[in-house]
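Written below as C-alpha cells is the structure these notes are about.
In each ligand, atom 1 is the first atom listed, and ligand 1 is the first ligand listed. This chain uses plain numbering: 1 for the first residue, then up along the sequence.
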Amino acid sequence: MTRIAMLAMHHLERCLLLEARSDPHPWGKMNWLRSLRDDHCLGLWDGDELLGISCYTLVLDDVSLLNIVVDTNSRGRGAGRQLLSEGLEWMQQFGGARCLLEVRESNTVARSLYTKLGFAEDGIRKNYYPLGDGYEHAVLMSADLPLGE
Ligand SMILES: CC(C)(COP(=O)(O)OP(=O)(O)OC[C@H]1O[C@@H](n2cnc3c(N)ncnc32)[C@H](O)[C@@H]1OP(=O)(O)O)[C@@H](O)C(=O)NCCC(=O)NCCS
C-alpha cells in the first residue's frame, strides 16, 4: 500500500540518491536543501521505500510544480500519476486553485502524464533549458484544480 507524505530535511540523502539514479537533469544538493526547507516536497512511499518525489510552491492561489521524479525501477505503474494528482489535492488544502508548470519540449513522457491529468499547453519559453550543446524550449502548461481527467 503506497502513501504520500511530506518530506523533511532528514530525507535529503534519500532525495539525492533517488535523483542521482533517476533524473537525467538533477537538481543538486543546494536546490534540495532549499526546497526541503521552503517548499512542499512530497514523497510517495511503499513502506520504507521512496518511490518518487514531487515538489510544489504556492504564490497566492497558484501552485507551481517545481520537480517530479519517480525512481526508474518504479516507472510505468502509475506512481507519477499518483504523486501529481494526490500532490495537487494536498496543495488545494493550502489554497491552490491552479497549477502551473514548465517541461522540456523533448520530455514526451512527462508531457503525456500532464496532458492525461488535464493540463493544457499555454505557450513556449524559447531556449530556456540548457542542453549539452545548446538550449531547448520549455513548454508551459497549466490546469485548474481540482484536476478533471
Ligand atoms: C515523468 C515521470 C514522473 C512519469 O512517472 P511514471 O511513474 O513512469 O508515470 P505513470 O506510470 O504514472 O504514467 C502516467 C502517464 O505518463 C505517461 N507515460 C509513462 N511512461 C511512459 C512511457 N514510457 N512512454 C510514454 N508515456 C509514458 C503516460 O501518459 C502515462 O499514462 P498511461 O499510464 O495512461 O499511459 C517519470 O518518467 C520520471 O521520473 N521521469 C524523469 C524525471 C522527469 O522527467 N520529470 C519531469 C520534469 S518536468
Logged contact type for Tyr129 with ligand 1, heavy-atom cut-off 4.0 Å, is neither
Name the closest protein heavy atom to atom 7 (O) of ligand 1, giving the residue it belongs to and the distance to 0.1 Å.
Gly80 N, 2.8 Å
How does the hydrophobic cluster around Val59 look, that is, which other residues are in it when side-chain heavy atoms under 4.5 Å mark a link?
Leu60
Report, in ascending order of atom number, the atoms of ligand 1 lying under 4.0 Å from any heavy atom of Ser112.
17 (C), 28 (C), 29 (O)
Output yes when a protein non-hydrogen atom is found under 4.0 Å of atom 2 (C) of ligand 1, and no otherwise.
no
With no hydrogens and no angle check, is any side-chain donor or acceptor of Arg75 less than 3.5 Å from a backbone partner on Val70?
yes
What one should report as the nearest heavy-atom pair of Tyr56 and Gly87 is OH-CA, 3.6 Å
Out of curiosity, does Leu84 fall in the hydrophobic cluster containing Leu42 (side-chain heavy atoms, cut-off under 4.5 Å, transitive links)?
yes
Sub-4.0 Å atoms of ligand 1 with respect to non-hydrogen atoms of Gly78:
10 (P), 11 (O), 12 (O)
Backbone of Leu18 reached by a side-chain donor or acceptor of Ser22 within 3.5 Å
yes
Measure the distance from atom 48 (S) of ligand 1 to every protein heavy atom, then report the residue, atom name and distance (to 0.1 Å) of the closest one.
Tyr114 OH, 3.1 Å
Run the side chain to side chain contact (heavy atoms under 4.5 Å, CB included) test against Arg98 and tell me which residues pass, sequence neighbours left out.
Asp62, Leu100, Asp144
Give the numbers and elements of all ligand 1 atoms closer than 4.0 Å to a heavy atom of Gly76.
6 (P), 7 (O), 8 (O), 11 (O)
Under 4.0 Å from a heavy atom of Ala79: which atoms of ligand 1 are those, numbered in the order shown and with their elements?
7 (O), 12 (O)
Donor-acceptor pair, side chain of Asp71 and main chain of Asn73, under 3.5 angstrom
yes
Name the closest protein heavy atom to atom 42 (C) of ligand 1, giving the residue it belongs to and the distance to 0.1 Å.
Ile68 O, 3.6 Å
With a 4.0 Å heavy-atom cut-off (strictly under), which part of Arg77 contacts ligand 1: side chain, backbone, both or neither?
backbone
Taking Thr115 for its side chain and Arg111 for its backbone only, find out whether a donor-acceptor pair lies under 3.5 Å.
yes
Val69 neighbourhood, listing ligand 1 atoms whose heavy-atom distance to it stays under 4.0 Å
39 (O)
Does Asn107 approach ligand 1 within less than 4.0 angstrom via side chain, backbone, both or neither, non-hydrogen atoms only?
side chain
So, is Pro24 polar-close to ligand 1, with some N/O to N/O distance under 3.5 Å?
no
I need the atoms of ligand 1 closer than 4.0 Å to a non-hydrogen atom of Val70, numbered in the order shown.
3 (C), 5 (O), 7 (O), 38 (C), 39 (O)
Atom 18 (N) of ligand 1: nearest protein contact (heavy atom, Å):
Val109 CG1, 3.7 Å
Residue and atom name of the nearest protein heavy atom (relative to atom 12 (O) of ligand 1), distance in Å to one decimal
Arg81 N, 2.9 Å
Do the non-hydrogen side-chain atoms of Leu65 and Phe119 ever get within less than 4.5 Å of each other?
no
Minimum-distance protein heavy atom relative to atom 14 (C) of ligand 1:
Leu113 CD1, 3.6 Å
What part of Lys116, side chain, backbone, both or neither, has a heavy atom within less than 4.0 angstrom of ligand 1?
side chain
Is the backbone N or O of Ile4 less than 3.5 Å from a side-chain atom of Glu86, with the two atoms forming a donor-acceptor pair by type?
no
Counting distance only, does the side-chain N/O of Thr2 pair as donor-acceptor with the main-chain N or O of Asp46 below 3.5 Å?
no
May I ask you to test the Leu88-Val63 pair for a side-chain heavy-atom distance under 4.5 Å?
yes
So between Arg104, Met141, Arg75, whose heavy atom ends up nearest atom 41 (C) of ligand 1?
Arg75
